[in-house]
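Worksheet: the structure to be examined is printed underneath.
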Amino acid sequence: MWRKYVLIALIVGMPTVLLAWRLITDDRAYYGWGWQMFS
Amino acid sequence: MADVQLIRWTLVLVAAAKAADVAVRDDPTRYAWGWAAAAALAAVTVRPGCFAVAAMGAASNIWLEGSNHTLLIMWVGLMVAVLDPDDIPAVAQVLAITVYVFASAHKVIGGSFLTGGHIADRFFWDGAPVQAMAYAAVASQIGLAVLVVLRTRWAVPLAVGLHVGIVVVMSNQLGHYLRLSGFNGLMIVIVLVATGAGTWDVRRRRGVASAAAPVV
């Protein structure tokens, strides 16, 4: 079912984007919304 | 259906715990009513109820608290709300791997978690080996990612140990306890479902040899 693949793409894609965002920004990102997702 | 019911009733408990968590804060919000309503709806009807829980997770995440536990509640609610039940174990497997891989990555990057400071802030036992505990937590999460990839039930006892440990070590007030038990209880159930342990006994009892999801 196509919804399975959409959900998998979102589940993997969203943290990938947030992690990349944290890696390419400076340490101030540590305290931002993206970091809190994982803390 | 066993997976659906297991996740659904877990979400009922988690949403009820979120209602309590939001209500006991110093600045209680109307989100408590939303969580309570979503929990009640999920107790009555599966897909609309789980969608309501997912919606509360998304809304909390955007407007109240950007936080991994509300995000996890959203993904798990969406899984039950939109997926064919047969697809749930595979997506739960991807979800569990993602959670453990990214949690480990964020703990390792920068290294501040590995100092044990986060644990020392919460844990009431002075002189606890917080740095060793931090390393053990990261090692457990990496190990869990591998075990869930392999889809072995050895992931379950490790998940129970890690997540119960986190709740015990990281809660020094009611709010922490409610939030952490919701997140960590949900992760134990996700690992159960992802490794097939949520369904195997039902299939055996019924004598069903399922080719789609063989007993591991």
Side-chain angles (χ1 to χ4, degrees), chain A, chain B residues 47 54 57-58 60-72 74-113 117-118 121-122 138 141 166 170 179-180 183 190 194:
Chain A
M1 191 161 59
W2 62 270
R3 285 187 289 245
K4 171 183 174 181
Y5 299 103
V6 172
L7 199 51
I8 287 176
L10 288 170
I11 287 171
V12 177
M14 190 170 165
T16 305
V17 169
L18 289 171
L19 183 66
W21 173 73
R22 187 181 165 208
L23 286 172
I24 62 179
T25 53
D26 63 28
D27 276 345
R28 279 173 292 178
Y30 187 94
Y31 297 104
W33 186 75
W35 165 253
Q36 286 181 24
M37 292 284 205
F38 298 94
S39 63
Chain B
R47 281 184 193 256
S60 299
N61 202 46
I62 295 167
W63 291 302
L64 183 66
E65 46 188 355
S67 170
N68 64 354
H69 76 282
T70 50
L71 196 63
L72 182 73
M74 183 190 81
W75 293 132
V76 177
L78 271 182
M79 269 170 47
V80 175
V82 307
L83 290 181
D84 182 326
D86 290 342
D87 290 337
I88 286 181
V91 177
Q93 188 184 18
V94 172
L95 179 61
I97 295 165
T98 312
V99 165
Y100 290 126
V101 166
F102 284 94
S104 314
H106 274 263
K107 286 182 174 67
V108 171
I109 294 168
S112 80
F113 179 85
H118 287 72
D121 287 347
R122 295 280 185 87
V138 174
Q141 292 190 321
I166 289 172
M170 304 290 280
R179 281 193 287 287
L180 288 168
F183 178 89
I190 290 302

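Convention: sequence-line order gives letters A, B, ...; per-chain numbering from 1.
Rounding to the nearest 0.5 Å places CG of B:Asp84 at 13.0 Å from CH2 of A:Trp2. To the nearest 0.5 Å, atoms CE (B:Met74) and CG (A:Leu10) are separated by 7.5 Å.
Of the listed residues (B:Leu78, B:Val99, B:Ile97, B:Leu95), just one forms a side chain to side chain contact (heavy atoms under 4.5 Å, CB included) with A:Ile11, and that residue is B:Leu95.
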Self-check item: From CA spacing to verdict: side-chain contact (heavy atoms from CB on, under 4.5 Å), B:Trp75, A:Met14
Solution: CA-CA 11 Å; B:Trp75 293 132; A:Met14 190 170 165; 3.7 Å; yes
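Across B:Leu72, B:Val82, B:Thr70, the residue that shares the most heavy-atom pairs under 4.5 angstrom with chain A is B:Val82.
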